[in-house]
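What follows is one structure encoded as structure tokens, with my remarks underneath.
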Amino acid sequence: MTLSNRQIADIFDTVADILQLKGEIIHRVLSYRRAAESIRELPRDLSAIAAEDKLTEIPGIGDTLGDKIKEMLTTGKLGLYERLITEIPVGVVEIMRINGVGPKKAQLFWKELNITTVQGLEQAARAGKLRDLSGMGVKSEQKVIEGIEALSRRQVERVPLGTALPAAESILGVLRALPQCLQATVAGSVRRARPTIGDIDLLVAVREMSDSPAIMQIFVTLPNVARILGQGDTKSSVELLNGLQVDLRVLPQERWGTALQYFTGSQAHNIKTREIALAKGFSLNEHALSPVDSNGTILEDAPKLLCETEEQVYHHLGLQWIPPELREDSGEIERARDQTLPRLITLDDIHADLHMHTTWSDGKHTIREMAEAARERGRKFIVITDHSRSLGVANGLSIERLLEQQNEVRRVDQALNGSIRVFHGTEMDINADGSLDYPDEILVQLDFVIASLHMSLRQERDQITLRLLNAIRNPHVDLIGHPRAQMLPNREPVDADMDVVFTAAQQTGIALEINANPARLDLEAQYARRALDLGILLAINTDAHTIEQMDLMNYGVMTARRGWVTPDHVLNTWSLERFTTWMTQRGQ
DNA sequence: GCCGTTTTCGGCCCGACTGTTTTCAGTCG
């Protein structure tokens with residue numbers, strides 16, 4: 001029983017927590033955290049990478065952590081971790097998850113009052129026992145109580161991008177309407193389009209900082225604010241009723257570029273850009289590029305470089321402007337230095353949507369309604385892909401109804417008279433036993449075939465992988481829909497051997513989907529990037545069950561951009577002629 | 001513990017805010 005990437009990352013994170021509690025030097029702690037983060041973003045199994053002896057090629061993994069990974073892969077445990085958890089009660093680590101409580105306070109509560117659980121801490125706080133500890137007071141005690149309440153209120157650690165982005169836009173709408181606001185935007189992980197979001201970062205530019213307090217006051221009194229976490233002239237934080245934290249920073253217009261760059265992150269990307277700045281004799285922060293001496297001390301008399309745009313910031317560093325979705329320190333800085341960043345796909349490149357549902361299965365609109373709505377959105381062709389017969393809960397189509405539907409699709413296609421082309425396909429289930437839900441003699445009659453996993457998603461790795469392989473190797477299947485079957489923020493992807501899946505896809509020329517629904521975003525970016533590296537084609541589809549859901553395409557595009565995807569590799573950027581040629585050739 | 005267009009040793013991003021402080025420590029991002 002070998003450990004998964006996720007389990008190994010979790011162990012490293014817990015090791016970091018405990019080391020921090022023990023007062024270990026922060027850089028050693030951060031090494032474990034960086035390693036955990038890096039491992040979570042891997043598109044391959046650590047065991048496969050270890051077999052190739054390439055663990056230390058992973059960013060943040062050196063000889064020591066490489067050996068620790070090997071230890072976990074071979075023995076299923078980590079000696080260091082086993083030792084550490086005997087030294088620190090697990091509840092104390094849990095206490096550090098309370099907002100406002102870090103390692104020092106957790107340590108204090110434990111050592112002074114023998115508190116080892118969140119529950120115990122809450123009781124002590126309510127009994128007024130914390131206020132007399134050194135460095136604590138009545139206010140701090142109250143903050144602990146509020147932090148614990150917020151922790152229990154919070155349903156999930158992270159929310160889907162599809163929840164966070166509209167929430168951010170809604171607040172930005174209010175702020176942009178203020179006369180003091182010159183411009184406003186979202187930064188942080190929302191701007192980088194991470195599939196799930198921990199908190200929202202907003203920026204507002206003003207002419208004079210004296211305009212700031214009024215803006216802050218509006219912000220912290222928005223109707224959906226549950227509590228104010230902090231309020232200053234340049235920075236305020238609130239928690240919304242749904243538990244989401246929102247940070248707002250106000251800054252002068254002439255510093256917009258440095259601030260936007262700084263607050264967009266990621267942290268790893270910023271560390272790199274700051275190092276580059278230092279190498280060029282500047283300290284880079286959210287305010288400016290400041291000249292430094294050889295010790296790195298800022299020269300107060302020397303003029304600072306202010307940047308109103310991000311392009312200026314990157315230019316001063318000798319870099320191409322880097323799209324936010326790439327800013328994860330995963331090779332983008334090196335490419336920007338060589339001026340060889342790819343031309344990423346944009347929403348304008350998308351001409352088609354190859355995956356949508358209608359009233360024939362579990363969709364809410366008819367074939368004609370979906371086609372006309374797609375046409376209004378500028379699509380040149382679409383494929384109707386309702387569910388197949390096994391998916392009873394979604395009113396999947398029997399073979400008879402499928403063929404009947406084909407006639408209807410042909411009628412609609414003709415009626416629309418070339419203003420948009422409508423093709424007939426299916427989203428066919430890959431059954432639990434690995435069989436496909438329609439026989440080949442039916443599939444061959446369809447224009448386009450998607451095969452997807454919907455049921456028995458918790459099967460063993462071998463069986464899940466076999467199911468995907470059966471679909472990939474069927475010459476009539478054109479696309480694997482949402483290949484990992486994850487649901488954000490909480491349903492884990494299937495446990496498939498993605499190395500094997502990718503190899504098979506590479507051999508057969510099948511395409512893989514980036515499902516644009518924000519509850520899926522599957523393939524995720526790191527897998528999309530690997531697919532691209534292997535020359536595997538992709539398609540970005542909305543999987544729309546309603547007309548409105550056709551507007552979610554942008555989430556798929558953002559995910560693709562995070563995966564360095566260029567338009568040419570994506571089926572639905574192609575011309576109608578190129579697409580039909582590809583479809584026809586595949587069916588042979 | 002990682003890492004190298006200053007370095008295989010000695011750095012490692014740095015500022016805002018809060019609450020407790022008589023000048024700063026803790027937390028966060």
Side-chain angles (χ1 to χ4, degrees), chain A residues 12 15-16 19-20 23-38 55-69 80 96-108 130-144 146-147 187-189 198-202 212 216 228-237 245-251 255 258-259 261-290 292 294-298 317-318 329 333-334 337-338:
Chain A
F12 276 165
V15 167
L19 290 177
Q20 198 174 5
E24 183 61 72
I25 58 161
I26 191 64
H27 301 296
R28 185 170 174 226
V29 173
L30 291 175
S31 294
Y32 279 92
R33 287 205 206 290
R34 270 198 293 271
E37 174 102 355
S38 195
L55 287 174
T56 55
E57 291 181 15
I58 302 168
I61 307 288
D63 289 336
T64 307
L65 291 183
D67 286 345
K68 287 187 165 39
I69 292 170
L80 171 66
M96 280 205 298
R97 292 181 55 228
I98 300 166
N99 201 331
V101 179
K104 295 290 201 280
K105 295 245 179 85
Q107 172 96 250
L108 180 74
L130 302 185
R131 63 185 64 172
D132 297 328
L133 294 170
S134 90
M136 293 289 293
V138 177
K139 279 190 174 175
S140 302
E141 191 176 71
Q142 187 56 31
K143 282 214 151 184
V144 169
E146 286 172 11
S189 53
D199 56 29
I200 296 175
D201 293 293
L202 303 178
S212 177
M216 290 302 188
I228 303 170
L229 300 171
Q231 181 178 2
D233 281 349
T234 65
K235 175 188 172 184
S236 294
S237 299
Q245 184 177 330
V246 187
D247 295 346
L248 171 65
R249 301 178 202 255
V250 176
L251 53 120
R255 298 174 191 267
T258 39
Q261 196 280 330
Y262 182 92
F263 291 115
T264 298
S266 65
Q267 197 170 30
H269 177 90
N270 281 0
I271 288 171
K272 270 279 178 68
T273 51
R274 286 167 162 241
E275 283 171 1
I276 292 173
L278 280 176
K280 291 184 178 295
F282 293 96
S283 168
L284 172 62
N285 63 21
E286 64 267 49
H287 305 297
L289 283 150
S290 310
V292 292
S294 54
N295 295 322
T297 310
I298 292 180
L317 301 179
D329 186 25
I333 290 171
E334 293 73 9
R337 187 180 279 148
D338 300 341

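Every chain is numbered from 1, with letters handed out A, B, ... down the list of sequences.
- Nucleic acid contact class of A:L19 (heavy atoms, under 4.0 Å, all strands): none.
- We find that CD1 of A:I26 is positioned 12 Å from C1' of B:dG1, with the value rounded to whole Å.
- If you check every strand for non-hydrogen atoms under 4.0 Å, A:V101 touches sugar and phosphate atoms only.
- In summary, the side chains of A:R33 and A:Q20 do present a donor paired with an acceptor at a separation below 3.5 Å, with no hydrogens or angles considered.
- Here A:A279 lies in heavy-atom contact (under 4.0 Å) with sugar-phosphate atoms only.
- Put simply, CG on A:N270 and CG on A:D329 are 10.0 Å apart, with the number rounded to the nearest 0.5 Å.
- Listed candidates were B:dG1, B:dC13, B:dT27. Nearest to the side chain of A:K104 is B:dT27.
- One finds no side-chain N or O of A:R274 lying less than 4.0 angstrom from the OP1 or OP2 phosphate oxygen of B:dC13.
- Within the structure, salt bridge (Lys or Arg N to Asp or Glu O under 4.0 Å) pairs that include any residue of residues 55-68 of chain A comprise A:D67-A:K70 (at least two apart or interchain).
- Spacing between atom CD of A:Q261 and atom C1' of B:dC13 amounts to 12 Å, rounded to whole angstrom units.
- Here B:dG26 presents its P atom at 14 Å from CE of A:M96, a figure rounded to the nearest Å.
- Counting non-hydrogen atoms under 4.0 angstrom, A:F263 reaches nothing in the nucleic acid.
- One C1' atom belongs to B:dG11, the other to B:dA16, and the distance between them is 25 Å to the nearest Å.
- Atom C1' of nucleotide B:dG4 and atom CG of A:D329 are separated by 14 Å, given to the nearest angstrom.
- The distance from atom CG of A:N270 to atom C1' of B:dC28 is 15 Å, rounded to the nearest whole Å.
- The side chain of A:N285 contributes an N or O atom lying less than 4.0 Å from OP1 or OP2 of B:dG15.
- With sequence neighbours left out, A:Q107 forms a side-chain hydrogen bond (donor to acceptor under 3.5 Å, both in side chains) with no residue at all.
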Enumerate all atom pairs, one protein N or O and one N or O from nucleotides 16-20 of chain B, separated by less than 3.5 Å.
{"from": "B:dA16", "atom 1": "OP1", "to": "A:H287", "atom 2": "NE2", "distance (Å)": "3.3"}
{"from": "B:dA16", "atom 1": "O3'", "to": "A:T234", "atom 2": "OG1", "distance (Å)": "2.9"}
{"from": "B:dC17", "atom 1": "OP1", "to": "A:D233", "atom 2": "N", "distance (Å)": "3.4"}
{"from": "B:dC17", "atom 1": "OP1", "to": "A:T234", "atom 2": "N", "distance (Å)": "3.0"}
{"from": "B:dC17", "atom 1": "OP1", "to": "A:T234", "atom 2": "OG1", "distance (Å)": "2.9"}
{"from": "B:dC17", "atom 1": "OP1", "to": "A:K235", "atom 2": "N", "distance (Å)": "2.7"}
{"from": "B:dC17", "atom 1": "OP1", "to": "A:K235", "atom 2": "O", "distance (Å)": "3.3"}
{"from": "B:dT18", "atom 1": "OP1", "to": "A:Q231", "atom 2": "N", "distance (Å)": "2.6"}
{"from": "B:dT18", "atom 1": "OP1", "to": "A:Q231", "atom 2": "O", "distance (Å)": "3.2"}
{"from": "B:dG19", "atom 1": "O3'", "to": "A:S140", "atom 2": "OG", "distance (Å)": "3.0"}
{"from": "B:dT20", "atom 1": "OP1", "to": "A:G137", "atom 2": "N", "distance (Å)": "2.8"}
{"from": "B:dT20", "atom 1": "OP1", "to": "A:G137", "atom 2": "O", "distance (Å)": "3.4"}
{"from": "B:dT20", "atom 1": "OP1", "to": "A:S140", "atom 2": "N", "distance (Å)": "3.2"}
{"from": "B:dT20", "atom 1": "OP1", "to": "A:S140", "atom 2": "OG", "distance (Å)": "3.0"}

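- Of the C1' atoms belonging to B:dT5 and B:dG1, the separation is 24 Å, rounded to the nearest Å.
- Using atom C1' as the reference point in both B:dA25 and B:dT20, the two lie 9 Å apart (nearest Å).
- Within the 4.0 angstrom heavy-atom criterion, no nucleotide atom of any strand lies near A:F12.
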**OP:** Give the C-alpha distance, both sets of side-chain angles, the deciding distance and a yes or no for side-chain contact (heavy atoms from CB on, under 4.5 Å) between A:K280 and A:L289.
**Re:** CA-CA 10 Å; A:K280 291 184 178 295; A:L289 283 150; over 6 Å; no
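- The gap from the C1' atom of B:dT7 to that of B:dC12 amounts to 13 Å, rounded to the nearest Å.
- A:E146 is linked by a side-chain hydrogen bond (donor to acceptor under 3.5 Å, both in side chains) to A:R227, counting only residues two or more places apart in sequence or in another chain.
- Protein atom CD of A:E57 is 15 Å distant from nucleotide atom P of B:dC2, rounded to whole Å.
- Of the C1' atoms belonging to B:dT27 and B:dT21, the separation is 16 Å, rounded to the nearest Å.
- Distance A:L65 CG to B:dC3 C1': 13 Å, rounded to the nearest Å.
- Nucleotides B:dG29 and B:dC13 have their C1' atoms positioned 11 Å apart, rounded to a whole Å.
- Looking at which nucleotide of DNA chain B each of A:G66 and A:L284 is closest to, the 5′-most match is held by A:G66.
- The main-chain N or O of A:P59 is found under 3.5 Å from a side-chain atom of A:S38 such that the two form a donor-acceptor pair.
- Nucleotides B:dC2 and B:dT8 place their C1' atoms 12 Å apart, quoted to the nearest Å.
- Partners of A:T264 under the side-chain hydrogen bond (donor to acceptor under 3.5 Å, both in side chains) rule, at least two apart in sequence or in another chain, are A:R191.
- Neither OP1 nor OP2 of B:dC28 sits under 4.0 Å from any side-chain N or O of A:Q267.
- Searching all strands for a Watson-Crick or G-U wobble partner of B:dC17 with both distances below 3.5 Å returns B:dG26.
- Listed by chain and number, the residues in a side chain to side chain contact (heavy atoms under 4.5 Å, CB included) with A:D247 are A:D199, A:D201, A:S237, A:Q245, A:R249 (sequence neighbours excluded).
- With the nearest nucleotide of DNA chain B identified for both A:K105 and A:G60, A:G60 has the one nearer the 5' end.
- For A:H27 and B:dC9, the NE2 to C1' distance is 14 Å, given to the nearest whole Å.
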